[in-house]
Enquirer: 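If you scroll down you'll find the structure; I have some questions about it.
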Amino acid sequence: MKQRVRAVLVTPSGTTLVIKRIRPGIDPYWVIVGGGVEESDATREEALLREVREEIAGDAEIVRLLHEMENAKGEKEFFYLARIATWDFENRTGPEFARTDRGEYILEEVPLTTKAIADLNLLPGEISTLLCQALDSGDMLAVETQNQHSAG
């Protein structure tokens, strides 16, 4: 079974990084940074850090596993909470960015609030709901506070 990994990336300013996808014939939607686990990846966590480097030229620190689910394609998806301090979308290297048939990829920094997350067409919908619930319950507060403290 194919495995996929994704990172809810929390910045020092308490925002999160998402990628807006614009594809012909489809309403715009947003996804969380990540991708497929490759045979060369020793662990899912190593795959996630590789994907962060490829997609946004950033270095993340994984905090914990947030959620597991099976997607519509029968793939197992693992969503992690991670901190990130630096990134450079202009220096991304992922193979998907070289393909012109995949549409546009636009990196956006979004406030890590229930309203901001709910206002996005964040896919999969299950992760949008999970993030909103975690924000409402204060479960994300510890990571935000640590980021703000270490940034100051």
Side-chain angles (χ1 to χ4, degrees), residues 1-21 28-97 102 105-152:
M1 173 187 295
K2 178 79 172 167
Q3 293 186 358
R4 303 189 69 73
V5 289
R6 302 211 174 270
V8 176
L9 296 168
V10 180
T11 71
S13 59
T15 61
T16 189
L17 301 175
V18 292
I19 297 176
K20 183 178 183 179
R21 295 297 318 278
Y29 62 94
W30 287 258
V31 294
I32 295 171
V33 172
V37 176
E38 298 175 1
E39 287 184 25
S40 59
D41 296 320
T43 64
R44 287 191 302 267
E45 291 80 7
E46 184 178 291
L48 181 62
L49 296 175
R50 175 186 49 75
E51 287 288 344
V52 170
R53 284 190 302 274
E54 288 178 0
E55 291 189 9
I56 63 170
D59 289 311
E61 174 192 347
I62 297 172
V63 175
R64 70 177 186 272
L65 180 65
L66 272 180
H67 187 64
E68 295 178 32
M69 63 175 268
E70 188 171 313
N71 67 24
K73 296 178 184 176
E75 301 167 325
K76 190 83 167 175
E77 292 204 53
F78 298 86
F79 293 86
Y80 291 85
L81 181 62
R83 293 185 196 97
I84 191 160
T86 61
W87 58 91
D88 183 357
F89 199 57
E90 297 304 315
N91 288 316
R92 61 187 183 227
T93 60
E96 63 272 25
F97 302 118
R102 303 270 320 230
Y105 294 80
I106 302 167
L107 185 66
E108 294 187 352
E109 191 172 351
V110 176
L112 198 50
T113 64
T114 304
K115 179 177 179 355
I117 297 299
D119 285 348
L120 297 177
N121 180 18
L122 183 64
L123 299 179
E126 186 173 332
I127 197 62
S128 179
T129 301
L130 178 85
L131 283 176
C132 288
Q133 289 171 346
L135 289 162
D136 283 345
S137 70
D139 191 36
M140 302 291 280
L141 186 59
V143 174
E144 290 178 64
T145 303
Q146 286 175 344
N147 258 345
Q148 290 168 356
H149 184 59
S150 64

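By convention here, the first residue in the shown sequence is residue 1.
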Enquirer: Side-chain polar contacts of residues 123-136 - donor-acceptor pairs under 3.5 angstrom, sequence neighbours left out - could you list them?
Expert:
{"from": "Glu126", "atom 1": "OE2", "to": "His67", "atom 2": "NE2", "distance (Å)": "2.6"}
{"from": "Thr129", "atom 1": "OG1", "to": "Gly125", "atom 2": "O", "distance (Å)": "3.2"}
{"from": "Asp136", "atom 1": "OD1", "to": "Thr114", "atom 2": "OG1", "distance (Å)": "2.8"}

Enquirer: Name all pairs fulfilling the salt bridge (charged side-chain N to carboxylate O under 4.0 Å, His left out) condition that reach into residues 110-122, sequence neighbours left out, sorted by first residue then second.
Expert: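 Salt bridge (charged side-chain N to carboxylate O under 4.0 Å, His left out) check on residues 110-122 returns Lys115-Asp119.
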Enquirer: With sequence neighbours excluded, what pairs up with Glu109 under the salt bridge (charged side-chain N to carboxylate O under 4.0 Å, His left out) test?
Expert: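 Salt bridge (charged side-chain N to carboxylate O under 4.0 Å, His left out) check on Glu109 returns nothing, list empty.
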Enquirer: Given Glu77, which of Lys2, Arg4, Arg6 fulfils the side chain to side chain donor-acceptor pair (under 3.5 Å) condition?
Expert: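 The option that passes is Arg6.
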Enquirer: Run the salt bridge (charged side-chain N to carboxylate O under 4.0 Å, His left out) test against Glu45 and tell me which residues pass, sequence neighbours left out.
Expert: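 Salt bridge (charged side-chain N to carboxylate O under 4.0 Å, His left out) check on Glu45 returns nothing, list empty.
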Enquirer: Hey, are the side chains of Tyr80 and Arg64 touching, using non-hydrogen atoms and a 4.5 Å cut-off?
Expert: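 Result no, sub-4.5 Å side-chain heavy-atom pair not found.
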Enquirer: So, taking the atom named CD1 in Ile56 and the one named CZ in Arg92, what distance separates them when rounded to the nearest 0.5 Å?
Expert: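 Interatomic distance, Ile56 CD1 to Arg92 CZ, rounded to 0.5 Å: 11.5 Å.
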Enquirer: Atom CD1 in Ile62, atom CD in Glu46: separation rounded to 0.5 Å?
Expert: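 So the CD1 of Ile62 and the CD of Glu46 are separated by 10.0 Å.
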Enquirer: I'd like to check the salt bridge (charged side-chain N to carboxylate O under 4.0 Å, His left out) partners of Arg50; sequence neighbours left out, ordered by chain and number.
Expert: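 Expected list: Glu38, Asp41, Glu54.
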Enquirer: With sequence neighbours excluded, tell me which residues meet salt bridge (charged side-chain N to carboxylate O under 4.0 Å, His left out) with Lys76.
Expert: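 Counting only residues at least two positions away or on another chain, Lys76 forms a salt bridge (charged side-chain N to carboxylate O under 4.0 Å, His left out) with Glu68.
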Enquirer: Could you tell me if the side chain of Ile19 sits less than 4.5 Å from the side chain of Leu107, heavy atoms only?
Expert: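 Yes. Closest side-chain heavy atoms under 4.5 Å.
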Enquirer: Rounded to the nearest 0.5 Å, what separates atom CZ in Phe79 from atom CD1 in Ile32?
Expert: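 CD1 of Ile32 is found 5.5 Å from CZ of Phe79.
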Enquirer: Ignoring hydrogens and geometry, is there a side-chain-to-backbone donor-acceptor pair from Thr16 to Leu9 under 3.5 Å?
Expert: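 Side chain of Thr16 to backbone of Leu9: a pair is present.
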